[in-house]
2 protein chains.
Amino acid sequence: MYCVAVPGGETSGASVGEPEPRDALFLRACRGEPTERTPVWFMRQAGRALPEYRRLRANIAMLDSCRDPAMVTEITLQPVRRFRTDAAILFSDIVLPLVAIGMNIDIVAGVGPVVADPIRDRAALSRLRPVTGDDVPYVADAVRTLVGELGPIPLIGFSGAPFTLASYLVEGGPSRTYARTKQLMYTEPRLWHELLGRLADIAIGYLRVQVEAGVSAIQLFDSWAGVLDEVDYRRYVLPHSERVLGAFADAGVPRIHFGVNTGELLGAMAEAGADVVGVDWRVPLDEAARRIGPMRAVQGNLDPAAVFAPADVLADKVHDVCVRGGKAGGHVFNLGHGVLPETDPGVLAHIVDLVHAASPG
Amino acid sequence: MYCVAVPGGETSGASVGEPEPRDALFLRACRGEPTERTPVWFMRQAGRALPEYRRLRANIAMLDSCRDPAMVTEITLQPVRRFRTDAAILFSDIVLPLVAIGMNIDIVAGVGPVVADPIRDRAALSRLRPVTGDDVPYVADAVRTLVGELGPIPLIGFSGAPFTLASYLVEGGPSRTYARTKQLMYTEPRLWHELLGRLADIAIGYLRVQVEAGVSAIQLFDSWAGVLDEVDYRRYVLPHSERVLGAFADAGVPRIHFGVNTGELLGAMAEAGADVVGVDWRVPLDEAARRIGPMRAVQGNLDPAAVFAPADVLADKVHDVCVRGGKAGGHVFNLGHGVLPETDPGVLAHIVDLVHAASPG
């Protein structure tokens, strides 16, 4: 039973005896319903900042660990046990479904995903086919186990968004300029839209596996969409992300849409079909809410490097995020990007306490 | 004589017979005065996109080339000859003054500046002393020669801003997260402010050498300030950049203040003392002008990757930048960041023509 594993035995955000996460604090905030306090989780809460994670991953490659349901379950639960966050997020990587359909991608420590066979012409498109449950049986397995273990705590599933997946596939890995990606986008718009269409199908298929197995919410990571201006975003990216998010409009799961450096895209990313818009730390949440409109929730947005600040500075920053987030149509506390590997887990635990104590509800 | 070297023998933006750049198009736009057309130059216009540059630099290290006045002069003139831009920018690198006072920094191809002896404690601060003309005699030499060669075309001098210089010194090189920099900033604010104070002195000294040797404008590159939110920017960075820009308030040279991902900082970067605020491609220039206020000019902001777009798409984008820039209190056309090395120089020449033909004046 999950509750036994939680220090203090408390459940987080749902009444005792309620086995379903439907009424959990996190989901109510996503839906813009009143909450007695602000829910909190952290992007990359399961990861290198935790010593128990580093021990478990010591001799196991990233993608291998993502394909082992027992490992995925344990790693996903680690931060929930430690921090009592209001949501869990499935431990995985956005390139997993691409690997599952045969793309040769390795996740290199200190670099990121490295694609052995980049996609830069029409012939390469045929390598991208839709994803079904048969391609990723370990994902559905892990989700089902986790849903049982987590009880009332919601599990978030996720996928990379078409643009961000395309950027890895076209560049061959992480990039500082995204020059090849934009070059393909501008010079071969038909090929580009076919590529993003196929990646949208992959994202839909991959998310469907997770939703059918029981996740309570989904997050679409368009981490690098912020390299585009709004005109290009709307022309080359939005229709595809809209199709992904639209496929889950009636699935009963809140849809979170996140990217970095997306200050000028927040409105468009909301329009794409987000119930919750993830905001990096650059845009104050009240200003983000203004750009997004009053009917949607925001998620964020403490600077991930704020964990290095002294306690008083950190407390001020957390308080400021909660106050500004309180002006939006729902607020899920998070960092503005993933937990940095150098983060002291004790500080994350402290942030959870600060959010739970400080938030106006 | 410079004019002989210009294709077609035309001067750019100043009346024939006028040897001083004071009335040049570029400087008038910087001052918010009416212009008959929009001036244009490109960040990194002197660089790897030009075959004549690659030939010249073939076996010469970056920093060596920056310390050779004849080489600096030739490389600075190359793009002006080729594109007939409305301004030249001194060929150099922002780490040059740091190297000149003894910091062990190498510019590694494909990486950027790598600092052998990062600055992370108080003891290391003593390595940073002010810069005078005696430290960089080759810079004043090159500027004096260039001013003579360029005639009516303004020469822009530049320096790295305290934060961006600090980020290299603290991280030891380029960074994706700036975790060490922010950690120092948060945990040792006194040391931080002393570090940025010393870097402000270096920037002032280095810019003074250039202004005294005759540059017509200065640009303060705070390229990475956009990793900070506005609260942190105002607390930890703005006072130091303000001191640098303030030192040239009465120097008779427009002061351009530039950074990437600075959409939320544009107002603060203007307040720091900029006459012209550089804007990356993410924020439309009319919106940037709104954030900056009506009394200052903007510089930018075509996506550097737009050079890969087909002619019609590119023309639309250039036109859009000119129209939006026309709504600001002065507009200098530029890219939103530096010229990408993969850029076809013919496309840059075409952009100059488009700006000169399309701009409303």
Side-chain angles (χ1 to χ4, degrees), chain A residues 110-112 174-189 225-233 235-236 260-266 280-284 287-288 301-314 316-317 320-321 336-343, chain B residues 110-112 174-189 225-233 235-236 260-266 280-284 287-288 301-314 316-317 320-321 336-343:
Chain A
V111 178
S175 171
R176 278 194 286 186
T177 64
Y178 297 87
R180 279 181 184 276
T181 307
K182 292 182 182 178
Q183 183 159 23
L184 185 74
M185 185 175 91
Y186 291 136
T187 58
E188 305 204 51
V227 301
L228 301 175
D229 66 29
E230 187 180 351
V231 171
D232 283 349
Y233 177 80
R235 181 177 303 166
Y236 297 106
V260 188
N261 283 323
T262 50
E264 311 310 315
L265 305 181
L266 293 172
D280 85 7
W281 65 95
R282 292 173 178 87
V283 186
E287 171 62 16
N301 73 344
L302 186 72
D303 187 338
V307 297
F308 305 128
D312 56 335
V313 176
L314 175 63
D316 282 352
K317 287 178 178 289
D320 186 60
V321 169
H337 199 183
V339 171
L340 295 169
E342 309 89 335
T343 302
Chain B
V111 177
S175 170
R176 278 194 287 186
T177 64
Y178 297 88
R180 279 180 184 276
T181 307
K182 291 182 182 177
Q183 183 159 23
L184 186 73
M185 184 176 92
Y186 291 135
T187 57
E188 305 204 52
V227 300
L228 301 175
D229 66 28
E230 187 181 350
V231 171
D232 283 349
Y233 177 80
R235 180 177 302 165
Y236 297 107
V260 188
N261 284 323
T262 50
E264 310 310 316
L265 305 181
L266 292 172
D280 85 7
W281 66 95
R282 292 173 177 87
V283 186
E287 171 61 15
N301 72 345
L302 185 72
D303 187 336
V307 297
F308 305 128
D312 56 335
V313 176
L314 175 63
D316 282 352
K317 287 177 179 287
D320 187 61
V321 169
H337 200 182
V339 171
L340 295 169
E342 309 88 334
T343 302

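First the proteins, then the strands, lettered A, B, ... as listed; each starts at 1.
Here the shortest heavy-atom pairing between A:Gly112 and A:Pro174 reads CA-CG, 4.2 Å. Contact between A:Thr177 and A:Ser175 at its shortest, heavy atoms only, is N-OG, 3.1 Å. Of all heavy-atom pairs between B:Ala306 and B:Leu314, the closest is O-CD1, 3.5 Å. Nearest heavy atoms, B:Val283 versus B:Ala288: CG1-N, 3.8 Å.
Neither the backbone nor the side chain of A:Pro189 comes within less than 4.5 Å of any heavy atom in chain B. Residue contact with chain B, scored on non-hydrogen atoms closer than 4.5 Å, involves the backbone and the side chain of A:Val227 alike. For A:Asp303, the part lying under 4.5 angstrom from a heavy atom of chain B is the side chain only. Within the 4.5 angstrom heavy-atom criterion, only side-chain atoms of A:Glu342, from C-beta onward, approach chain B. With a 4.5 Å cut-off on non-hydrogen atoms, A:Asp232 touches chain B through its side chain but not through its backbone.
Atom OG1 in A:Thr262 sits 11.0 Å away from atom CG in A:Leu228 (nearest 0.5 Å).
With respect to chain B, the highest number of heavy-atom pairs below 4.5 Å among A:Trp281, A:Tyr178, A:Tyr186, A:Tyr233 belongs to A:Tyr186. Most heavy-atom pairs under 4.5 Å with chain B: of the set A:Pro304, A:Gly263, A:Gly226, A:Pro284, this distinction falls to A:Gly226. Highest contact tally toward chain A, considering only B:Glu230, B:Arg176, B:Glu287, B:Glu264, is held by B:Glu264 [criterion: heavy-atom pairs under 4.5 Å]. Between chain B and the options A:Val231, A:Asn261, A:Thr187, the largest number of non-hydrogen pairs under 4.5 Å is found for A:Asn261.
Formation of a donor-acceptor pair under 3.5 Å by the A:Asp229 side chain with backbone atoms of B:Arg282 is not found in this model.
Inter-residue side-chain proximity for B:Val339 and B:Val307 is flagged as unmet; no heavy-atom pair is nearer than 4.5 Å.
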